[in-house]
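One-based numbering along the sequence shown. For clarity, every value in this text was computed on a predicted model and none was experimentally measured.
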Amino acid sequence: TLYDDKFSEIVLSTPINGSYKAMEEIIRIITGKRKHVISVKPQFTVVGASLGSDVRFDLLVETDDGDLYDIEIQHYEMKDLGERLIVYNAAITLLPKTPGLGYKNYPSTHVICIADTKAYQNEKDIHRETYGENHEIICVTSHNKYENKELMDLMHDFSCKNVSDIINPVIRETLNYFKNEQKGVDIMKKEYDDIVAHAKPKWVEEGRKEGLKEGLKEEREDNIKKTIPVILQLGGTIQDVANIFDTTPEEIQKILDTE
């Protein structure tokens, strides 16, 4: 689903015929504004000494009018989500480097969190926090019943595993490209192959070390649980996950069954 980090990263940051239609549709539905997206940078890091540590955005989006969007896709419950969004909001305002720009002339910045959690639940409208005229934090969650039908459809579509179940035509067309059309499938396969090639040595070594320490068993299982949906979404199998962690498909299936 689009709540899986790597899958959504590929789908929403890869242009199709030079355009980012799915990202533009998401921004339109959530903000009510039509924007022309010119770039999407996944896992963009702001090296911010003034923040005390680096901040990494899931997807940094720039539109042709200079607006900046941080799109955060959250699948796990986080007690400090509100505080994190405030930090993301501070970080995105650090990006413009034009000398003498002046705070009144900064581009509009928007932090949008799309969550499959209970954050800001029981709200019939979009959760929005504004800072001045041009800066805002927005959070929408699949657990709420919004009055906006398009938004409800979008929340539904983020949770869909099958392309045929997706309601929004733009989102459906985009996912169909990556799941059923050869060019999109090839992109997914390459990403999957890269994940396996780069991650396997590290994960196998970590797995072996953790296997020697009973106290780290839960941490290893947590890593496996997080990896399973990424590999499956990219067309891999339980056997592929087992190969990455140097174990058996039976162990992977057992962990999967306990979720």
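A pairwise comparison of heavy atoms in Pro107 and Gly66 identifies CB-O, 3.2 Å as the closest pair. In this structure, Pro249 and Ile238 approach most closely via the heavy-atom pair O-CG2, 3.7 Å. Closest heavy-atom contact between Ser13 and Pro15: O-CD, 3.5 Å. Residues Tyr88 and Phe57 share a closest heavy-atom pair of O-CE2, 3.8 Å.
In the hydrophobic clustering of ILVMFWY residues, with side-chain heavy atoms under 4.5 Å counting as a link, Met155 and Val170 come out apart.
Under 4.0 Å is where a charged nitrogen must lie from a carboxylate oxygen, and between Asp186 and Lys190 no such pair does. Under a 4.0 Å N-O distance rule, the pair Glu24/Lys21 does not qualify as a salt bridge.
A distance-only check finds no donor-acceptor pair linking the side chain of Thr14 to the backbone of Val11 [under 3.5 Å]. In this structure, Asn148 contributes its side chain and Leu151 its backbone to a donor-acceptor pair below 3.5 Å. A distance-only check finds a donor-acceptor pair linking the side chain of Tyr146 to the backbone of Thr141 [under 3.5 Å].
For Phe178, there are no ring pair (Phe, Tyr, Trp, His ring centres under 6.0 Å) partners, not counting sequence neighbours. With sequence neighbours excluded, the residues that form a side-chain contact (heavy atoms from CB on, under 4.5 Å) with Asp58 are Gln43, Glu72, Ile73. Partners of Asp116 under the side chain to side chain donor-acceptor pair (under 3.5 Å) rule, at least two apart in sequence or in another chain, are His75, Ser142. Shown here are the ring pair (Phe, Tyr, Trp, His ring centres under 6.0 Å) partners of Phe158, two or more places apart in sequence or in another chain: Tyr3. Take Glu136 and apply the salt bridge (charged side-chain N to carboxylate O under 4.0 Å, His left out) test, not counting sequence neighbours, and it matches Arg128.
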Start with the C-alpha distance between Arg28 and Glu150, add both sets of side-chain angles, then the distance that settles salt bridge (Lys or Arg N to Asp or Glu O under 4.0 Å), and finish with yes or no. CA-CA 10 Å; Arg28 181 189 69 79; Glu150 274 197 312; 2.7 Å; yes
Please assess Tyr131 against Glu129 for the test side-chain contact (heavy atoms from CB on, under 4.5 Å), listing each intermediate value before the final yes or no. CA-CA 7 Å; Tyr131 301 86; Glu129 301 172 15; 2.9 Å; yes
Starting from the C-alpha separation in whole Å, work towards a yes-or-no answer on side-chain contact (heavy atoms from CB on, under 4.5 Å) for Tyr69 and Lys35. CA-CA 11 Å; Tyr69 293 80; Lys35 294 288 184 174; 3.4 Å; yes
Test log, rule side-chain contact (heavy atoms from CB on, under 4.5 Å), inputs Lys254 and Ile252: CA-CA 5 Å; Lys254 183 179 179 180; Ile252 299 300; over 6 Å; no
Stepwise, does the side-chain contact (heavy atoms from CB on, under 4.5 Å) test hold for Met188 with Ile10? CA-CA 8 Å; Met188 280 291 178; Ile10 298 168; 3.9 Å; yes
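By the 4.5 Å heavy-atom criterion applied to side chains, Leu59 and Lys41 are not counted as neighbours. Side-chain contact between Glu83 and Leu85 is absent, with no heavy atoms from C-beta onward closer than 4.5 Å. Annotation: side chain of Tyr20 is not in contact with side chain of Leu12 (no heavy-atom distance under 4.5 Å). Using a 4.5 Å heavy-atom cutoff, the side chains of Glu62 and Asp67 are not in contact. By the 4.5 Å heavy-atom criterion applied to side chains, Thr109 and Asn89 are counted as neighbours. Contact annotation: the side chain of Cys113 approaches that of Leu81 to within less than 4.5 Å [non-hydrogen atoms, C-beta and beyond]. The side-chain heavy atoms of Asp165 and Lys161, taken from C-beta on, include no pair separated by under 4.5 Å. Put simply, the side chain of Val61 reaches to within 4.5 Å of the side chain of Met23, judged on heavy atoms.
Applying the side-chain hydrogen bond (donor to acceptor under 3.5 Å, both in side chains) test to pairs two or more places apart or on separate chains, those with a residue in residues 169-178 are Asn176-Asn180.
The NE2 atom of His156 sits 10.0 Å away from atom NZ of Lys149, with the distance rounded to the nearest 0.5 Å. In this structure, CG on Asn168 lies 6.0 Å from CG on Asp157, to the nearest 0.5 angstrom. From Ile27, atom CD1 reaches atom CD1 of Ile30 across 8.5 Å, with rounding to the nearest 0.5 Å. Atom CD1 in Ile71 sits 6.0 Å away from atom CD1 in Ile114 (nearest 0.5 Å). Rounded to the nearest 0.5 angstrom, Ile171 CD1 and Leu2 CG are separated by 7.0 Å. From Leu60, atom CG reaches atom CZ of Phe44 across 5.5 Å, with rounding to the nearest 0.5 Å.
Checking Asp65 against Thr63 by side-chain atom types alone, a donor-acceptor pair falls below 3.5 Å.
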